[in-house]
Amino acid sequence: MESFWQNEFILIAAYYSLVILCLVLFLAAFELVTKYKNWEEIKNGNMAVAMATGGKIFGIANIFRHAIEEHTSVLAMIGWGVYGFALLLIGYFIFEFLTPKFNVDEEIEKDNRAVGFISMVISIGLSYIVGAGI
């Protein structure tokens, strides 16, 4: 059974499957903390929401990329991925807190693309910082 998990094809499939599962779970968590419904807004053509959500997807994937590269066990990869996601979530709340002149969620919901773009860049930028720490 040990040789089964040492097979590169099996390991890649395991990483892939687990990252997809985590991505779905983490996006659901982001959906809970935002005031708008991500996928409904995207379906309606809200580019600000699409950019912010795309940044979150890229950020989560980038964190898992670093976790996969640096750790040899699937459990370690998941642990670092969850930790990285928590840091991204904290970064989201800090961004909201540091913009007292307007509400980030409300601006993104109103399709303010400038705010959506900054949100995307923050998610991507933080993922590189978290990834470097992993």
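Using a 4.0 Å cut-off between charged nitrogen and carboxylate oxygen, K43 and E40 do not count as a salt-bridge pair.
Contact detail for I108 and A52: the closest heavy-atom pair is CD1-CB, 4.0 Å.
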Anything under 3.5 Å between a donor and an acceptor, one on a side chain of residues 92-104, the other on a protein residue two or more places apart or in another chain? List them.
from: Y92; atom 1: OH; to: D105; atom 2: OD1; distance (Å): 2.4
from: Y92; atom 1: OH; to: D105; atom 2: OD2; distance (Å): 2.9
from: E96; atom 1: OE2; to: V104; atom 2: N; distance (Å): 3.0
from: T99; atom 1: OG1; to: F95; atom 2: O; distance (Å): 3.1
from: T99; atom 1: OG1; to: E96; atom 2: O; distance (Å): 3.1
from: N103; atom 1: OD1; to: D105; atom 2: N; distance (Å): 3.0
from: N103; atom 1: OD1; to: E106; atom 2: N; distance (Å): 3.0

Counting only pairs under 3.5 Å, give me each side-chain donor-acceptor contact of residues 58-69, with atom names and distances, residues two or more places apart or in other chains.
from: N62; atom 1: OD1; to: R65; atom 2: NE; distance (Å): 3.3
from: N62; atom 1: ND2; to: S127; atom 2: OG; distance (Å): 3.0
from: R65; atom 1: NH1; to: E69; atom 2: OE1; distance (Å): 3.3
from: R65; atom 1: NH1; to: E69; atom 2: OE2; distance (Å): 3.1

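At a threshold of 4.5 Å between side-chain heavy atoms, the hydrophobic network of Ile, Leu, Val, Met, Phe, Trp and Tyr places M77 and I12 in two separate groups. Hydrophobic clustering places W80 together with I129 (ILVMFWY residues linked when any side-chain heavy atoms are closer than 4.5 Å, directly or through intermediates).
For the atom pair T53 OG1 and N38 CG, the distance stands at 4.0 Å (nearest 0.5 Å). Note that the CZ atom of F26 and the CD1 atom of I57 stand 13.5 Å from one another [nearest 0.5 Å]. Note that NZ of K37 is 12.5 Å distant from CG of N44, once rounded to the nearest 0.5 Å. With values rounded to the nearest 0.5 angstrom, F30 atom CZ is found 5.5 Å from L88 atom CG.
Residues I78 and L18 form a side-chain contact, since some pair of their non-hydrogen atoms from C-beta on lies under 4.5 Å apart. L126 is not listed as a side-chain neighbour of L87, based on a closest heavy-atom distance of 4.5 Å or more.
Residues forming a side chain to side chain contact (heavy atoms under 4.5 Å, CB included) with S123 (at least two apart in sequence, or on another chain): K56. Looking at residues two or more places apart in sequence or on another chain, you find a side chain to side chain contact (heavy atoms under 4.5 Å, CB included) between E41 and Y36, N46, V49, E109.
Judged by distance alone, with hydrogens and angles left aside, the side-chain atoms of S17 form no donor-acceptor pair with the main-chain N or O of A14 at under 3.5 Å.
More than 12 heavy-atom neighbours from other residues, nucleotides or ligands sit within 6.0 angstrom of OH on Y15.
Evaluation of the side-chain hydrogen bond (donor to acceptor under 3.5 Å, both in side chains) test over residues 18-29, restricted to residues two or more places apart or in two chains, returns none.
The hydrophobic cluster containing Y16 also includes I20, under a criterion of side-chain heavy atoms closer than 4.5 Å among ILVMFWY residues, counted directly or through chains of members.
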